[in-house]
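Values below: every heavy atom of this structure, side chains too, minus hydrogens, waters and symmetry copies.
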Amino acid sequence: MEWPAQSPDLNPIELLWEQLDRMQGTNTLSRHSPDIPLLEQELKCQPKACGLRLIETAHDNGLRMTSRLRDFEVKDLLSLTQFFGFSTETFSLAVNILDRFLAKMKVQPKYLGCVGLTCLYLAVKSTEEERNVPLATDLIRISQYKFTVCDMIRMEKIVLEKLGWKVKTTTAHHLLQVYHSLVVENLSSERQKLFSMEHLEANLKACHCRLGFSKAKPSMLALSILAVEMQDQKLHELSEVIEGLQTYSKISGRELFCWKELVSKCLAEYSSSKCSKPNVQKLKWIVSGRTARQLKHSYYRIAHLPTIPESAS
């Protein structure tokens with residue numbers, strides 16, 4: 001995006017604010033709800049903190065939703081996202097929808113799979129191009145769940161009603177993209193290679209797999225991930241830019257420090273061999289040639305889908 005000429009009298013922080021103001025003025029950031037500024041919109045679709053706390057403190061007795069069950073479900077959604085080639089924005093929105101619903105409703109563990117897949121499908125239909133949206137039957141088949149399309153349709157209506165039909169919202173990924181685009185403008189071409197959006201997205205996915213990070217505002221989580229990456233890459237020249245984003249987003253230094261520590265700890269655990277990675281093994285199954293052809297007829301892409309000879313089908 002090209003910005004109008006900027007005043008040479010403005011310092012770097014003021015220039016940053018001017019860019020952010022222009023982006024909001026053109027509805028680039030709040031395209032889902034044009035009348036609501038970005039940082040106001042993010043608060044309107046936050047999971048209820050009290051509901052998240054109930055999940056965190058619940059005992060794992062098989063009857064109540066727990067943070068462990070929620071995290072396993074999100075990892076399964078990440079596996080499906082990777083399998084179908086959905087965008088990080090789709091995954092981030094799916095997690096937001098899921099957590100908003102779980103924070104409002106007492107969901108029994110046996111229904112979590114249906115709830116999670118429904119939330120992912122709502123996100124897919126909201127963010128992906130039409131040709132990349134799978135049929136519900138195919139999504140259920142690949143996920144290997146036992147419920148039916150009718151079950152999913154009923155669950156979709158329940159989720160939408162409980163969320164007041166508000167699906168699209170500002171996500172941490174959305175803000176991470178915005179912050180990243182502003183930050184790289186202050187780096188040389190060589191240094192830009194160290195600050196890739198792809199790596200930031202991977203870090204965001206790891207954080208989404210922990211329920212605790214859903215208590216952070218999207219702007220807080222995005223900025224924390226950005227600040228940790230800046231620190232790890234020793235990009236000290238970005239300190240002033242991070243401070244400007246922090247001020248603009250109305251985030252205190254203490255808050256940012258605390259969430260940075262949590263992000264650093266999460267990423268360290270996630271990269272270690274002891275950490276449970278997304279459950280991609282569940283989706284590493286071989287489909288028959290007939291199934292592969294049926295899936296190809298659906299209007300979406302499937303990356304590296306393995307097949308076996310027709311004679312073995």
Calculate, to the nearest 0.5 Å, the distance between atoms OG1 and CG belonging to Thr170 and Leu175 respectively. 6.0 Å
Any side-chain heavy atom of Val95 sitting closer than 4.5 Å to one from Arg70? yes
Establish whether Tyr179 and Ile242 are linked, either directly or via other cluster members, by ILVMFWY side-chain heavy-atom contacts under 4.5 Å. yes
Flag, side chain of Lys260 to backbone of Ala227, donor-acceptor distance under 3.5 Å: no
To the nearest 0.5 Å, what is the distance between CZ (Phe101) and CE (Met155)? 6.0 Å
Under the side chain to side chain donor-acceptor pair (under 3.5 Å) test against Thr90, which residue among Thr127, Thr171, Asn132 passes? Thr127
Among the clusters formed by ILVMFWY side chains lying less than 4.5 Å apart, do Tyr145 and Leu139 turn up in the same one? yes
Is it true that atom CD of Glu198 has more than 12 heavy atoms of other residues, nucleotides or ligands lying nearer than 6.0 Å? no
Side-chain touch Lys48/Lys104, heavy atoms, less than 4.5 angstrom: yes
Rounded to the nearest 0.5 Å, what separates atom CD1 in Ile97 from atom OG1 in Thr118? 10.5 Å
Please answer whether the main-chain N or O of Val263 pairs with a side-chain N or O of Arg210 as donor and acceptor at a distance below 3.5 Å. no
Between CZ on residue Phe213 and OG on residue Ser224, distance to nearest 0.5 Å: 8.5 Å
pair Leu176-His180: side-chain heavy atoms closer than 4.5 Å: no
Under a single-linkage definition using a 4.5 Å side-chain heavy-atom cutoff for Ile, Leu, Val, Met, Phe, Trp and Tyr, are Val115 and Val149 assigned to the same hydrophobic cluster? yes
Report yes if the side chains of Val241 and Leu182 come closer than 4.5 Å at any heavy-atom pair, otherwise no. no
Lys/Arg-Asp/Glu bridge criterion (N-O < 4.0 Å) met for Glu255, Lys217: no
Is there a side-chain contact between Cys45 and Arg100 (heavy atoms, below 4.5 Å)? yes
Flag, side chain of Gln246 to backbone of Ile251, donor-acceptor distance under 3.5 Å: yes
How long is the straight-line distance from CD1 of Ile158 back to CD1 of Ile153, given to the nearest 0.5 Å? 12.5 Å
Check for a donor-acceptor pair, side chain of Lys168 on one end and backbone N or O of Ser126 on the other, with a separation under 3.5 Å. yes
More than 12 non-hydrogen atoms from neighbouring residues, nucleotides or ligands closer than 6.0 Å to OH on Tyr111, yes or no? no
What is the distance from atom CZ of Phe147 to atom NZ of Lys110, rounded to the nearest 0.5 Å? 14.5 Å
Run the side-chain hydrogen bond (donor to acceptor under 3.5 Å, both in side chains) test on His173 and Glu201 for me, step by step, so that the C-alpha distance in whole Å, both residues' side-chain angles and the decisive distance to 0.1 Å come before the verdict. CA-CA 7 Å; His173 177 260; Glu201 287 182 336; 2.8 Å; yes
Quick check: does any side chain N or O of Asp71 sit under 3.5 Å from a backbone N or O of Leu211, one acting as donor and the other as acceptor? yes
Do Leu54 and Leu98 share a hydrophobic cluster, counting only Ile, Leu, Val, Met, Phe, Trp and Tyr and linking them when any side-chain heavy atoms are less than 4.5 Å apart? no
Side-chain heavy-atom pair Leu102, Leu112 within 4.5 angstrom cut-off: yes
With heavy-atom distances below 4.5 Å as the criterion, would you say the side chains of Phe84 and Ile142 are in contact? yes
Is Lys166 atom NZ crowded by more than 12 heavy atoms from other residues, nucleotides or ligands, each under 6.0 Å away? no
ring-ring contact (aromatic ring centres under 6.0 Å, His included) with His208: which residues, sequence neighbours excluded? Phe91
Write down the atom of Leu223, the atom of Leu245, and the distance for their closest heavy-atom approach. CD1-CB, 3.8 Å
Under 4.5 Å between side-chain heavy atoms, hopping through other hydrophobics if needed: is there a path connecting Met230 to Met197? yes
Do Phe86 and Pro134 touch side chain to side chain, with heavy atoms closer than 4.5 Å? yes
Asp151 bridged to Arg154 by N-O distance under 4.0 Å: yes
Any donor-acceptor pair under 3.5 Å linking the side chain of Glu156 with the backbone of Leu122? no
